[in-house]
Student: 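So that we are looking at the same thing, I have put the structure below in structure tokens.
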Amino acid sequence: MQGLLRGLVYGGLIITVLMTATAWGMWLERKLAARMQSRIGPNVVGKFGLLQPVADLMKLLQKEEIYPIGADRLLFDLAPFLVTTFAIATAAVVPFSAEAVGADLDVGLLWVLALGGLMVIPVWMAGWASNNKFALIGGMRAVAQSISYGVPLVLTSLVAVVFTGTMSLSGIVKFQIEHGWLALWPPGPGVVAFVLFYMALLAESNRIPFDIPEAESELVAGITTEYTGMKFGLLYVGEYVHTMVGSAIAAVIFLGGWDGPFHIASGLHWMVIKTVALFASVYWVRWSLLRFRSDQLMRLCWLYLVPVSLGLVVFAALWRHFVLR
Amino acid sequence: MGYLLDSIRALGVTAKNIGRKPVTVQFPKVIRERQERYRTSFALLKDEQGEERCVGCLACERICPSQIIHMSSTKKESPVTGKKRGYLDDFTLDMTACIFCELCVQVCPFDAIVMLKVPHEPGYVREDLVLTMAKLYENAEKPLTWGNGTKLMEMQEPPKPAPAQAAAPVPAPAAAPVPAAVPVPAAAPAPAPVPVPASAAAAEPAKTEAP
Ligand code: SF4
Ligand code: SF4
């Protein structure tokens, strides 16, 4: 009973905090994008446009619900809901500090990766149910991309698991507090693993340069083409939450989580700073780079990312066996 | 490798931009100086005696490429001059389809229709964008552009050889050694991209004044 209560409280807290953070993450992205293009960005609704996400929400809530002819209504309705649910569910295991963690699973990393992999299903559902060729192609591309990039994502996470010898996210952080951040130590391979993880993360969350599933110039808006109103909003929010949680996970696995640099003032704030910085860098990349072509995307993954990350796993195993013993 | 280096450069450019001043002009709050040829809405003018200039000659209605000008008129005796002439009963100009080509202004033989230098207020319903006769006469109070039928037609004329007659305010095209004897406007290296009004204006006044 107590566990259930704790779960409910933590769940509500995480959802609230995450949604709020994501809303202002969107604001941050729009501001950043604007500044990168020498524009001002949202500045009308509220001070510095800070209430823009609220205005967006109001707008989306007012929109008409449209079902395309021949759409599979059940799947069409279910997909956005599932996307957001899966995205939020991953956040349950993220340790924001030694205490602030929803569920400290001993297979936390596995939970995150599994739910991230599951995301393919609602995305494909949305693409299929829309009865629209653009949505369908977008869905297919998303599936192909997620499955391909899931491999380096899992392999680079495996590097961390092999190094630390645990799958619990807070266990990984504790190891890093003792031995140094994985991105910096051992010097070299750690950085590479981090960069690969970051790239795979970009691909998993459909961000430029890997955003071919919703390449605007080719596919209108990919799977979201036929969605209107709050269902579109949910898909959109789901993507942002995915990116946000992904940034948090990257911070936990490779950047030492709540540990401050040189253990200075460790705590929740460091985790927040790292997550926001990574989140912002995703958008920095997004507004600077160009989109890959489908074939380039696949080549990059299977010819470079996968072999390199495999090599990293082997290195991690050897290091673990001979150095860390 | 090339892609990687280019990507890093691209990231550098965007990072540098963050520190720059935005170039955005906050439109409704800050209104930049209008360009010389800035033109938006329309107005119908009255002459010095307060008489409506428009006689309902249909020249603008005919030339409008979007076919958005509609009017009806009747002939009456003018209270000022005592002569018979046309008076508008109704005149509408549907701004929703206007392409701001200014042809209607250009062909008007009485300088009756002109354009404004202030933007048309956005509307909430479609009707807000339809300029009725009343709205058009009201608009005459607002700042107008420099162009009217006479001035615009002068720009279309073939360059004159006599230097004393500097009627056209526009610099004649440099390569214009065409003798003035050439009467066909189309043959001249006219600055006009629109050949239509020249002939239209030549024809229309004759038609209207005849009755
Ligand atoms: S500006 Fe051109 S399109 Fe607009 S009313 Fe005049 S003639 Fe028609
Ligand atoms: S061309 Fe001028 S005078 Fe003729 S109908 Fe149009 S506005 Fe009136």
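All values reported here derive from a predicted model rather than from experimental measurement. Chain identifiers are assigned alphabetically (A, B, ...) following the order of the sequence lines, protein sequences preceding nucleic acid strands; residue numbering begins at 1 within each chain. Heavy-atom basis, side chains included; hydrogens, waters and symmetry copies ignored.
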Student: Test A/Ser288 against every option in B/Asn17, B/Ile8, B/Leu11 by the side chain to side chain contact (heavy atoms under 4.5 Å, CB included) rule and name the one that passes.
Tutor: B/Leu11
Student: Using a cut-off of under 4.5 Å on heavy-atom pairs, state which of B/Gln26, B/Arg9, B/Lys21 scores highest against chain A.
Tutor: B/Gln26
Student: Are any non-hydrogen side-chain atoms of B/Ile18 and A/Met36 less than 4.5 angstrom apart?
Tutor: yes
Student: Give a yes or no on whether B/Gln35 atom CD has more than 12 heavy-atom contacts from other residues, nucleotides or ligands under 6.0 Å away.
Tutor: no
Student: Check this for me: A/Gln296, atom CD, are more than 12 non-hydrogen atoms of other residues, nucleotides or ligands nearer than 6.0 Å?
Tutor: yes
Student: Under a 4.5 Å heavy-atom cut-off, does chain B meet the side chain of A/Trp287, its backbone, both or neither?
Tutor: backbone
Student: Under 4.5 Å heavy-atom distance to chain B, tell me which part of A/Val285 shows up: side chain, backbone, both or neither.
Tutor: both
Student: Heavy-atom count around A/Tyr304 OH within 6.0 Å, excluding the residue itself: above 12?
Tutor: no
Student: Look only at the side chain of B/Arg20 and the backbone of A/Arg35, and say whether a donor-acceptor pair between them is shorter than 3.5 Å.
Tutor: no
